[in-house]
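So the structure is just underneath, and the comments pick up after that.
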2 protein chains.
Amino acid sequence: MKCITIVEDEALMREELSDILRKAGYQVDEILTFDHVAEQLLERSPDLVLLDLNLPGDSGFQVCRELKRKSAIPILVLTSRDQLRDELHALDLGADEFLTKPCRRERLLARVANVIRRYEGRAHLLEGSGFLLDRQTYTLYLDNRSVVLPKNQGKLLEVFLIHRGEIVTKNDLCLALWQTTEYIDENALQVNLTRLKKTMASLGMRQQIAPVRGVGYRLIAEDGQTS
Amino acid sequence: MKCITIVEDEALMREELSDILRKAGYQVDEILTFDHVAEQLLERSPDLVLLDLNLPGDSGFQVCRELKRKSAIPILVLTSRDQLRDELHALDLGADEFLTKPCRRERLLARVANVIRRYEGRAHLLEGSGFLLDRQTYTLYLDNRSVVLPKNQGKLLEVFLIHRGEIVTKNDLCLALWQTTEYIDENALQVNLTRLKKTMASLGMRQQIAPVRGVGYRLIAEDGQTS
DNA sequence: TCCGATCCTTACACCATCTGTAAGTGTTCC
DNA sequence: GGAACACTTACAGATGGTGTAAGGATCGGA
């Protein structure tokens with residue numbers, strides 16, 4: 001069953017939304033304290049967030065931005081402020097849908113179902129600059145193509161993406177590959193890195209794995225930007 | 001550069017939309033004959049379709065349904081009919097966004113960008129009931145998991161999804177597997193089907209491949225509905 | 001209820017691909 | 001120039017996908 005978290009401070013409206021969604025077969029969950037909202041949401045990691053813009057603590061925009069930076073949880077912004085500016089801003093911050101209150105029950109449910117459907121299977125996607133990586137299968141999405149990476153190459157790229165732009169030590173990489181740091185086979189790691197580089201190049205990716213002498217590696221864009 | 005195809009019979013409106021989108025940096029493409037619209041769209045396979053509901057030939061709904069059955073190309077329905085019924089119907093048929101004309105330039109562009117962003121990397125996804133299949137890698141998305149199917153199993157499932165619910169002949173399946181109908185190895189096909197069934201079962205999929213004696217197979221939901 | 005046609009299962013051997021090993025070649029920087 | 005570090009290449013073992021073969025199960029008409 002799909003789980004939805006409502007972020008709305010007006011009790012009456014919250015009850016109403018909750019009721020509608022529950023009757024439609026969703027498991028509903030409510031945020032009741034309005035600071036560190038994004039963290040609370042990350043904690044619960046629902047399948048969808050219903051977010052009001054006017055909150056007592058954090059602003060809805062702030063929540064939106066923060067949540068989207070750290071996850072791919074879909075957000076439906078629902079507000080009484082009927083302002084184009086708000087809508088554009090919310091969408092720009094990564095919201096997936098925008099509705100104004102009051103809102104017909106049918107429309108709400110249709111949009112909710114729509115967003116959830118569109119997010120099917122995206123839960124484990126890591127975002128790189130210009131591509132996506134599925135953490136479960138190591139399927140790489142790039143432009144209009146998709147490729148399944150060999151497990152080891154996938155694991156390496158995954159580590160680089162989790163530490164976006166930062167330096168990744170050889171230890172980190174070895175751990176990711178073999179779940180142990182005891183017996184570090186630098187050479188084997190090296191070979192796997194070379195292979196990843198080769199496939200990235202063959203896919204025309206504009207990222208490079210650059211060595212940081214004596215420490216580890218970093219994933220950078222070709223123009224020098226950290227990725 | 002992202003490519004958008006406009007399906008709109010009114011020349012004036014078409015020009016205006018085209019202009020707005022081009023200025024925003026999209027490559028724009030227009031459909032000018034309004035039958036077999038879905039096929040034309042599949043041919044071009046743009047990154048987004050802007051679809052009017054009132055068309056001289058095919059109805060917009062029809063186009064929507066047909067396109068979504070055979071691809072995951074995102075559709076933004078743009079219509080002058082401001083009816084909740086239309087909106088619900090369009091969304092139900094798989095449309096991704098719904099806007100009413102006239103529409104502010106900024107809102108249009110925001111929604112377009114939003115849909116395209118959400119679809120990053122989803123271009124080759126086929127939709128089944130309750131799961132998605134990547135046609136390039138045969139990655140299967142189901143609930144919150146994803147699995148890469150072996151090539152043959154992927155090819156078979158792909159054929160079933162393209163002919164959703166219809167009967168698929170052994171010929172079709174052999175063609176998909178070996179690109180030839182000359183030498184049909186019924187047994188090899190059989191074994192591959194068994195393997196697909198087994199992985200589907202192990203994933204808890206509520207679809208079944210049912211034999212149609214003497215003809216071929218059909219993918220049906222466990223409750224008997226064609227999938 | 002029997003029998004042939006159709007459909008299904010299982011085990012095995014082949015083959016492609018991924019992976020680690022080994023040995024040697026570049027590169028950097030003091 | 002040399003030592004540490006980084007990279008490349010080729011090879012062989014392991015893994016997992018595929019076709020083959022043989023036999024078992026099921027269906028449906030006589």
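Labels below follow one simple rule: chain letters A, B, ... track the order of the sequence lines, proteins then strands, and each chain is numbered from 1. Quick caveat, the model's predicted, so the values are computed rather than measured. In what follows, every heavy atom counts, from backbone to side chain, and hydrogens, waters and symmetry copies are set aside.
Checking the phosphate oxygens (OP1, OP2) of C:dT19, no side-chain nitrogen or oxygen of A:Trp178 falls inside 4.0 Å. The shortest distance between the side-chain N/O atoms of B:Lys155 and the OP1/OP2 oxygens of D:dT18 is not below 4.0 Å. OP1 or OP2 of C:dC18 has not a single side-chain nitrogen or oxygen of A:Tyr138 nearer than 4.0 Å. Between D:dT8 and A:Lys198, no contact under 4.0 Å exists linking OP1 or OP2 to a side-chain N or O. Contact annotation: B:Thr194 side-chain N/O to C:dT9 OP1/OP2 distance is under 4.0 Å. For B:Gln190 and C:dC7, the shortest distance from a side-chain N or O to OP1 or OP2 is not below 4.0 Å.
For B:Asn192, the side-chain atoms get nearest to D:dG19 when compared with the rest of C:dT21, C:dG20, D:dG19.
Taking a cutoff of 4.0 Å between a charged side-chain nitrogen and a carboxylate oxygen, B:Asp96 and B:Lys68 qualify as a salt bridge. A salt bridge does not link B:Arg69 with B:Glu127: none of the charged nitrogens is closer than 4.0 Å to a carboxylate oxygen. The pair B:Arg111-A:Glu97 meets the salt-bridge criterion, with a side-chain N (NZ, NE, NH1 or NH2) lying under 4.0 Å from an Asp/Glu carboxylate O.
In this structure, a donor-acceptor pair under 3.5 Å is present between the side chains of A:Thr139 and B:Thr139. Side-chain contact annotation: B:Asp134 with B:Tyr141, donor-acceptor N/O pair under 3.5 Å absent.
One can place CD of A:Gln153 at 11 Å from C1' of C:dT19, the figure rounded to the nearest angstrom. In this structure, A:Asp185 places its CG atom 9 Å from P of C:dA22, rounding to the nearest Å.
The residue A:Asn187 sits close to a base: some heavy atom pair falls under 4.0 Å.
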Atom pairs, protein N/O to nucleotides 10-17 of chain D N/O, distance under 3.5 Å:
none

Could you list the protein-to-nucleotides 28-30 of chain D atom pairs, N/O on both sides, closer than 3.5 Å?
none

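Under the 4.5 Å side-chain criterion, counting only non-hydrogen atoms from C-beta, B:Leu140 is in contact with B:Met205.
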